[in-house]
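Each remark here refers to the structure printed beneath this line.
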Amino acid sequence: MGLWLGVVVFLVGLVLTFAGTRVDRRVPGFAVAAVGAVITVAASSARPAWPAAVTVALTLVPLVLVAAGLARRLDHVTRPGAATLDDDPR
């Protein structure tokens, strides 16, 4: 049951990550996908799964923080208005 929950949470996060063109909406989706990955590893049949889940979490947390920082930086550089993937600097 936990494995399926993790997969579903990961897929919802993946869809949220790539839905729309606004860059600031990518980070929450990526964070949800990261949580889904941790749940999936924690619920896997390999025992003990908690060291692997901690390793995945320790890998993904910095990635989410870097993504959030990059989204804020991009939003700051492209003022006025929020950055989108449709923005063309030319």
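The analysis underlying the following values was restricted to heavy atoms, covering all of them including side chains, and did not include hydrogens, waters or symmetry mates. Each residue takes its place number in the sequence, starting with 1.
Considering only heavy atoms from C-beta on, Phe30 comes within 4.5 Å of Leu63 through its side chain. The side-chain heavy atoms of Val9 and Leu5, taken from C-beta on, include a pair separated by under 4.5 Å.
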After noting the C-alpha distance and the side-chain angles of Leu11 and Val15, does the key distance pass the side chain to side chain contact (heavy atoms under 4.5 Å, CB included) rule?
-> CA-CA 6 Å; Leu11 290 175; Val15 169; 5.6 Å; no

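For Val54, the side-chain contact (heavy atoms from CB on, under 4.5 Å) partners are Trp50, Leu58, not counting sequence neighbours. In terms of the side-chain contact (heavy atoms from CB on, under 4.5 Å) criterion, residue partners of Ala42 (sequence neighbours excluded) are, by chain and number, Ala53. Ala31 pairs by the side-chain contact (heavy atoms from CB on, under 4.5 Å) definition with Val64, not counting sequence neighbours. Phe10 pairs by the side-chain contact (heavy atoms from CB on, under 4.5 Å) definition with Leu14, Ala33, Ala37, not counting sequence neighbours.
Only one option out of Val8, Thr40, Ile39, Val41 pairs with Leu3 in a side-chain contact (heavy atoms from CB on, under 4.5 Å); it is Thr40.
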